[in-house]
Amino acid sequence: MARQATKKTAKAPAKRATAAKTTRAKKAPAKAAKSNLVVSDEVAIDITNMDKWYGDFHVLKGIDLKVMKGERIVVCGPSGSGKSTMIRCINRLEEHQSGRIEVDGIELTNDLKKIDEIRREVGMVFQHFNLFPHLTILENCTLAPIWVRKMPKAEAEEVAMEYLTKVRIPEQANKYPGQLSGGQQQRVAIARSLCMSPRIMLFDEPTSALDPEMIKEVLDVMVDLAETGMTMIVVTHEMGFARQVANRVIFMDEGQIIEQNEPETFFTKPKHERTKLFLSQILH
Amino acid sequence: MSNSTLSFVRTTMEVAKAPPASTVGVVGWMRKNLFSSWINTALTLFAIYLVWIIVPPILDFTIFNATWTADDREGCLAGGHGACWAYVEAKFGQFIYGRYPVEERWRVNIVFAIMAIGTVTLAIPSVPYKKWNAIFMLVIFPILAFFLLVGGYFGLHHVETPLWGGLLVTLVVAITGIVVSLPLGVLFALGRRSEMPVVRMVSIIFIEFWRGVPLITVLFMASVMLPLFLPEGVTFDKLMRVLIGVALFSAAYMAEVVRGGLQAIGKGQYEGAQALGLPYWKTMNLIILPQALKLVIPGIVNTFIGLFKDTTLVLIVGLFDLLGAIQLSFTDPKWSTPMTSHTGYVFAAFGFFIFCFSMSRYSIFMENRLHTGHKR
Ligand SMILES: Nc1ncnc2c1ncn2[C@@H]1O[C@H](COP(=O)(O)OP(=O)(O)O)[C@@H](O)[C@H]1O
Ligand SMILES: [Mg+2]
């Protein structure tokens with residue numbers, strides 16, 4: 001089924017893409033879908049007054065961000081504003097220099113054990129997928145559960161197939177990443193992260209390296225994931241997605257959080273001048 | 001009807017014809033590859049000329065004028081001016097085992113046989129039990145080989161290493177060098193890219209030191225200088241010292257080859273692995289090294305081949321490898337003819353070529369096999 005859909009999309013890319021966008025836009029006001037997603041009052045990520053420098057360059061300035069369990073946050077902002085750096089600090093791909101980051105109650109310090117512990121609980125999906133090209137799709141998915149979670153191979157494969165089915169590509173399990181389309185690769189990357197049963201998922205522009213006709217298949221998977229109640233921080237400029245699933249949209253510029261609000265208000269009544277300018281640029 | 005000129009229906013199907021004779025077969029191939037232009041034609045003719053002047057004399061020497069059976073030099077002298085293969089046959093034992101006692105040579109043969117079977121079964125991808133085979137070859141076999149070759153235990157006679165020689169020494173030095181240098185080289189390559197300053201410094205100093213001195217110097221130091229530094233009475237087998245020297249020397253080269261491969265792996269691969277919670281060594285072993293080593297197979301095998309041929313340098317510290325054993329035999333008056341050294345060198349070249357060429361072919365085979373070609 002999924003295959004057929006992909007094939008059709010491939011045939012008429014331009015039309016499909018716009019069609020997809022309009023459906024997303026239409027779906028957006030349907031609050032019913034969103035309201036059944038519970039946000040708990042437990043804190044998943046707590047960033048207080050966090051600063052980061054690259055050499056002399058002050059990339060992140062006094063970031064304060066509290067994310068609740070089950071919350072879905074979309075981060076947007078101009079290129080170079082520090083979005084990637086901020087979410088990469090959450091799983092310590094980048095080190096922050098001052099302030100405090102607490103993930104799932106564990107504070108991020110130089111303690112390697114704690115870093116590994118946090119990385120096990122936090123999944124990340126990258127712009128360029130970062131799949132392992134020498135391993136099959138299935139091996140990509142089972143690697144971490146086997147070696148990090150010490151799961152028996154058979155069980156890991158079962159779990160992997162389950163997630164590959166959820167992202168609608170179980171039939172690709174024995175291929176290599178290079179044999180898949182960009183959209184399929186990104187869905188594998190999502191499945192690979194999910195196989196570690198993370199409690200939090202970070203997405204760094206997951207669709208911006210994709211051809212237009214593949215964006216929808218990836219966003220659909222992410223919407224499904226949001227509906228499971230996963231805590232998500234998504235850096236993206238897909239505003240349809242933001243309207244559909246986000247509880248909160250955050251706008252960053254020059255290393256600072258400029259404005260945040262629930263999506264409807266954020267898009268219709270932005271307050272800050274920079275936000276207005278940015279929105280006018282990306283929404284045409 | 002106005003559109004009758006437009007419509008067309010085929011009534012008979014064409015039968016496939018053979019292509020023009022000038023484009024296929026031997027003639028076509030020659031036209032395309034040998035005589036496509038006048039420059040190409042001139043080069044072809046020149047190459048034929050070169051083959052004409054080089055090949056017949058080689059064949060004359062090695063086959064047509066060669067003496068195949070003789071009891072001593074007289075037979076070869078009478079046979080003309082071709083190779084004296086009878087001499088190689090007479091000295092064959094010495095070329096293979098050096099002065100290893102004749103009645104103990106079965107021990108060497110067993111080691112050779114196990115090594116050959118182990119290596120071949122390890123090299124052929126479809127043979128099962130790779131893991132156990134590798135463990136056997138890397139752990140059990142060296143110990144077994146050590147006790148078999150050196151002896152002194154289990155009722156085996158002790159055979160001192162100065163008696164070893166010929167192909168035995170060549171293989172012992174080369175294989176030890178190969179087996180030790182790869183893992184050591186990987187460690188130093190990783191060390192050189194480490195974020196820990198001490199580890200990085202140590203790796204850089206190691207690599208640059210060993211790359212900065214010629215192997216001959218290393219061998220001299222190992223055999224002449226090292227004993228001066230060792231306390232009185234402590235002796236250390238000369239072959240052992242040479243083995244260590246050669247292994248460390250090639251490890252430094254290997255480290256740089258491997259580092260080249262590591263540099264080709266993008267940051268995304270590290271981040272992908274880290275984000276999944278894989279710790280450093282698992283990231284390296286499972287993600288980075290498999291990709292990096294695959295990329296540098298040609299460089300690794302190149303280093304192996306270089307090392308294999310460099311074993312001939314052990315001659316200068318008084319160890320007689322294959323080439324050394326052959327050269328040593330030139331002095332035997334029983335076989336001394338004008339053709340003896342020529343024959344010996346041809347045989348040595350042939351011996352080395354077999355090993356080096358096999359490594360080269362195997363590396364090409366592995367490259368093709370591992371080439372999943374899945375990068376877009
Ligand atoms: N490793 C690095 N070293 C130095 N500067 C960097 C590095 N990574 C990012 N930067 C700089 O930090 C700023 C923020 O980058 P980034 O977080 O990637 O922005 P965004 O994801 O919002 O486009 C940019 O100006 C970028 O040039
Ligand atoms: Mg970015």
Side-chain angles (χ1 to χ4, degrees), chain A residues 84 87-88 90-95 112-113 115-137 139-150 175-182 185 188-189 192-198 200-204 209, chain B residues 125 128-131 186 189-190 193-199 258 260-300 363 365-376:
Chain A
S84 301
I87 69 164
R88 287 158 62 89
I90 295 170
N91 65 351
R92 198 58 160 206
L93 288 183
E94 302 288 350
E95 194 181 330
L112 289 178
K113 275 217 180 97
I115 294 176
D116 282 342
E117 203 176 316
I118 287 176
R119 283 178 180 163
R120 282 197 292 269
E121 304 307 328
V122 180
M124 184 160 197
V125 174
F126 300 85
Q127 185 176 359
H128 296 288
F129 332 135
N130 296 357
L131 294 177
F132 307 130
H134 62 301
L135 301 178
T136 63
I137 300 309
E139 289 165 342
N140 263 277
C141 293
T142 56
L143 185 102
I146 290 175
W147 293 96
V148 180
R149 291 241 187 263
K150 314 283 178 212
K175 289 192 182 170
Y176 285 91
Q179 295 168 306
L180 268 54
S181 75
Q185 291 192 48
V188 172
R192 180 178 73 174
S193 285
L194 293 178
C195 284
M196 283 294 282
S197 7
I200 299 166
M201 285 287 289
L202 307 174
F203 294 81
D204 191 0
Chain B
Y129 308 118
K130 281 276 174 292
K131 194 169 138 198
V186 168
L190 292 176
R193 290 167 56 85
S194 164
E195 280 167 14
M196 289 177 270
V198 177
V199 174
V258 173
L262 290 174
Q263 266 166 350
I265 307 297
K267 217 171 123 221
Q269 292 291 306
Y270 292 88
E271 290 178 352
Q274 280 172 359
L276 288 169
L278 285 168
Y280 177 84
W281 283 108
K282 294 217 169 89
T283 304
M284 290 302 156
N285 288 336
L286 299 168
I287 310 296
I288 307 300
L289 285 173
Q291 296 183 61
L293 292 181
K294 186 174 98 183
L295 281 176
V296 292
I297 287 177
I300 291 175
S363 111
F365 167 76
M366 274 324 267
E367 260 174 71
N368 290 337
R369 193 183 135 76
L370 291 176
H371 181 70
T372 37
H374 301 315
K375 280 215 167 115
R376 281 203 186 202

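Residue numbering restarts at 1 for every chain, and letters A, B, ... go by the order of the sequence lines. Keep in mind the model is a prediction, meaning the values are calculated, not measured. When reading the values below, keep in mind they use all heavy atoms of this one structure, side chains included, and skip hydrogens, waters and symmetry mates.
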Contact summary for [X] and [Y], nearest pair of heavy atoms:
X	Y	value
A/R192	B/G272	NH2-CA, 4.1 Å
B/L276	A/A144	CB-CB, 3.8 Å
A/L93	B/Q274	CD2-OE1, 3.1 Å
A/R119	B/G277	CB-CA, 3.8 Å
A/N91	B/A275	ND2-CB, 3.9 Å

Exercise. What part of A/L131 lies closer than 4.5 angstrom to a heavy atom of chain B: side chain, backbone, both or neither?
Worked result: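 Interface part for A/L131: backbone (N, CA, C, O).
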Exercise. Can you say whether A/F132 sits under 4.5 Å from chain B via the side chain, the backbone, both, or neither, judging by heavy atoms?
Worked result: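 A/F132 touches chain B through backbone and side-chain heavy atoms alike.
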For this session: Hey, could you give me the NZ/NE2 distance between B/K267 and A/H128, rounded to the nearest 0.5 Å?
Result: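 Reported to 0.5 Å precision, the distance equals 11.0 Å.
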For this session: Please round to the nearest 0.5 Å and tell me the distance separating atom CH2 of A/W147 and atom CG of B/L286.
Result: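 Answer for the CH2-CG pair, A/W147 versus B/L286, is 5.5 Å.
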Problem set entry | Residue selection (most heavy-atom pairs with chain B, distance under 4.5 Å) from A/M124, A/R120, A/R88, A/E117 |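 So the answer, after comparing A/M124, A/R120, A/R88, A/E117, is A/R88.
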For this session: Verify the neighbour count for atom OH of B/Y129: are there more than 12 heavy atoms of other residues, nucleotides or ligands below 6.0 Å?
Result: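 No - once you tally the heavy atoms of other residues, nucleotides and ligands closer than 6.0 Å, there are 12 at most.
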For this session: Just do the side-chain contact (heavy atoms from CB on, under 4.5 Å) check on B/L278 and A/D116 with the steps written out, would you?
Result: CA-CA 8 Å; B/L278 285 168; A/D116 282 342; over 6 Å; no
